[in-house]
Amino acid sequence: MKPQEIFDAALVHLMGMDGPSLDADGDACVYRGYNDDCEFNGQMCAVGLFISDQHYDDDLEGQGISGGQAVADAVAASWGQDDLTDDQLSLLADLQDAHDYGTRGRVWSNYIIESLDKVADKHHLRFDPKGASA
């Protein structure tokens, strides 16, 4: 996937959420969110969005996209690639940070627009929050 395609998909996804994808306890960001009954609740973080069901494993939780190879490999395999490019990896890491950090106690919609604007600027991508729809 091209960086703008990645960003656009994450933008629509994140703007359509009410808050970050959290574990059942509500205290940790996760690739796949679960409810109190430990059932998938449909929530996915900015990177989890790009991991197909076929390549998702609970063991990925707690690993950052740039901290270990397993998550990057899962995304690459989901896209039919052997490896992520440096640009893809860098963008996904920044999108993961936008999802994971600083959201507690802040209004999600305001926070995520501000965070995505910074990611777009850093990666020289187009950003139109008004054009995003889930």
Side-chain angles (χ1 to χ4, degrees):
M1 286 184 84
K2 295 179 181 177
Q4 188 67 56
E5 294 171 319
I6 296 167
F7 182 79
D8 290 346
L11 167 66
V12 169
H13 177 73
L14 294 172
M15 295 284 292
M17 294 172 60
D18 293 331
S21 175
L22 299 172
D23 64 7
D25 296 326
D27 61 1
C29 291
V30 291
Y31 295 109
R32 303 271 169 103
Y34 289 88
N35 62 22
D36 293 335
D37 296 324
C38 295
E39 297 172 353
F40 177 53
N41 65 9
Q43 295 280 20
M44 292 179 276
C45 79
V47 172
L49 170 67
F50 298 109
I51 301 173
S52 68
D53 291 343
Q54 176 184 0
H55 298 288
Y56 175 78
D57 188 284
D58 288 339
D59 291 340
L60 297 175
E61 300 297 352
Q63 299 181 48
I65 183 116
S66 58
Q69 196 61 39
V71 177
D73 288 346
V75 173
S78 297
W79 290 346
Q81 297 178 202
D82 291 331
D83 296 298
L84 296 177
T85 66
D86 289 342
D87 287 343
Q88 289 171 330
L89 185 59
S90 175
L91 175 56
L92 287 167
D94 288 339
L95 289 169
Q96 185 169 52
D97 288 347
H99 172 273
D100 290 2
Y101 297 108
T103 58
R104 305 306 192 283
R106 297 179 72 185
V107 175
W108 173 258
S109 58
N110 295 339
Y111 166 78
I112 204 62
I113 288 172
E114 177 184 313
S115 296
L116 290 173
D117 186 46
K118 290 177 184 175
V119 172
D121 187 53
K122 178 180 177 181
H123 293 272
H124 310 290
L125 301 169
R126 291 181 315 280
F127 175 53
D128 178 13
K130 293 179 180 155
S133 61

Donor-acceptor check, side chain of [X] to backbone of [Y], threshold 3.5 angstrom: yes or no?
{"X": "S78", "Y": "S52", "value": "yes"}
{"X": "Y31", "Y": "Q63", "value": "yes"}
{"X": "Q88", "Y": "A72", "value": "no"}
{"X": "D23", "Y": "D27", "value": "yes"}
{"X": "Y111", "Y": "A98", "value": "yes"}
{"X": "D37", "Y": "E39", "value": "no"}
{"X": "H99", "Y": "V47", "value": "no"}

If every non-hydrogen atom of [X] is compared with every non-hydrogen atom of [Y], which pair is closest and at what distance?
{"X": "Q96", "Y": "I65", "value": "OE1-N, 3.0 Å"}
{"X": "I6", "Y": "W79", "value": "CD1-CH2, 3.5 Å"}
{"X": "R32", "Y": "S21", "value": "C-OG, 3.8 Å"}
{"X": "F127", "Y": "L11", "value": "CE1-CD1, 3.4 Å"}
{"X": "G33", "Y": "F40", "value": "O-CD1, 3.2 Å"}
{"X": "A10", "Y": "F50", "value": "N-CZ, 4.1 Å"}

I51-V30 co-clustered via ILVMFWY side chain contacts under 4.5 Å: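 No, no single cluster joins them.
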
Within 6.0 angstrom of N110 CG, more than 12 heavy atoms from elsewhere: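 Yes.
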
Atom CG of D82 with >12 non-hydrogen neighbours under 6.0 angstrom: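 No.
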
Distance, nearest 0.5 Å, that separates [atom1] of [X] from [atom2] of [Y]:
{"X": "D100", "Y": "L95", "atom1": "CG", "atom2": "CG", "result": "10.5 Å"}
{"X": "H123", "Y": "D87", "atom1": "NE2", "atom2": "CG", "result": "8.5 Å"}
{"X": "M17", "Y": "I112", "atom1": "CE", "atom2": "CD1", "result": "8.0 Å"}
{"X": "S90", "Y": "L84", "atom1": "OG", "atom2": "CG", "result": "11.5 Å"}
{"X": "C29", "Y": "E61", "atom1": "SG", "atom2": "CD", "result": "10.0 Å"}
{"X": "L22", "Y": "C45", "atom1": "CG", "atom2": "SG", "result": "10.5 Å"}

L91 and L125: CA distance, side-chain angles, deciding distance, side-chain contact (heavy atoms from CB on, under 4.5 Å) verdict: CA-CA 10 Å; L91 175 56; L125 301 169; 4.0 Å; yes

Minimum side-chain heavy-atom gap Q81-V75 below 4.5 Å: no

